[in-house]
Amino acid sequence: MESKKILHNVFQNIEVGIGEVSKVVGVSQRQLRYWEKKGYIEPISDDNSGVRRYNLSTLYLIVFIKEQLDNGFTLAAAFERSKDIKLKSKIVRTFFEHTFSDVEITDAEKGYGEIDLGDFRTEDGEKYHFKGVLDAHGRYVKIDK
DNA sequence: GTTCTAACA
DNA sequence: TGTTAGAA
């Protein structure tokens, strides 16, 4: 199997118990159960033991909500913001799908390189090839027609 | 020892 | 929201 898929599988199958989540993220178990009752988070559903397990994406959600809470937002506001972030992330991911196919290192010492961003088209259908460049001049894009 | 629900503070 | 009780 392709290593990319294996990794994806690994991350997809990571499960964390409520105790560990609580300890690591700094959210009480009581809060976690309350958020669940409110419908903001959901444990992995496949087991009927009644013991809560959370997957990676839920863990990210929990961390995000915790951060928002620390920044003074209410729980409801935090959740709304998480939905916003999730949608935006999806848009970005879709747009950049199958890009970043290659990165050429131009200066290993200084950490410079060129990222192949792939082909994009304009509204009119004209195609361009983009490269993201990082060098002594900073970061910019190169466009080839 | 951990996690569960429910209830009280 | 914290904390505790008693059970699983």
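Predicted model only: the values in this text are computed from it and were never measured. Letters A, B, ... mirror the listed sequences (proteins, then strands); counts begin at 1.
For the pair A:Asp70 CG and C:dT1 P, the interatomic distance rounds to 12 Å; values are reported in whole Å. When rounded to the nearest whole Å, the span between OH of A:Tyr54 and C1' of B:dT2 equals 14 Å. Summarising the geometry, the separation between CZ on A:Arg33 and C1' on B:dT3 is reported as 6 Å, rounded to the nearest angstrom. In this structure, CD of A:Gln29 is placed 10 Å from P of B:dT2, rounded to the nearest angstrom. A:Tyr34 places its OH atom 16 Å from the C1' atom of B:dA6, with the value rounded to the nearest Å. The interatomic distance linking A:Glu15 (CD) with B:dT3 (C1') rounds to 15 Å, in whole Å. With rounding to whole Å, A:Lys23 atom NZ is found 8 Å from B:dT2 atom P.
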What does the list of N/O pairs under 3.5 Å between the protein and nucleotides 3-8 of chain C look like, with a distance for each?
| unit_1 | atom_1 | unit_2 | atom_2 | d |
| --- | --- | --- | --- | --- |
| C:dT3 | O4 | A:Arg30 | NE | 3.0 |

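When atom types are taken as modelled, the side chain of A:Ser82 and the backbone of A:Leu61 share no donor-acceptor pair closer than 3.5 angstrom. Put simply, the side chain of A:Glu20 never gets that close to the backbone of A:Gly17: no donor and acceptor are under 3.5 Å apart.
In this structure, A:Tyr40 has its ring center under 6.0 Å from that of A:Phe79.
Considering every non-hydrogen atom in both A:Gly19 and A:Gln29, the closest pair reads CA-NE2, 3.5 Å. Nearest heavy atoms, A:Leu69 versus A:Ala78: CD1-CB, 4.2 Å.
Annotation: cation-pi geometry satisfied between A:Arg81 and A:Phe73 (NZ/CZ under 6.0 angstrom from ring centroid, within 45° of ring axis).
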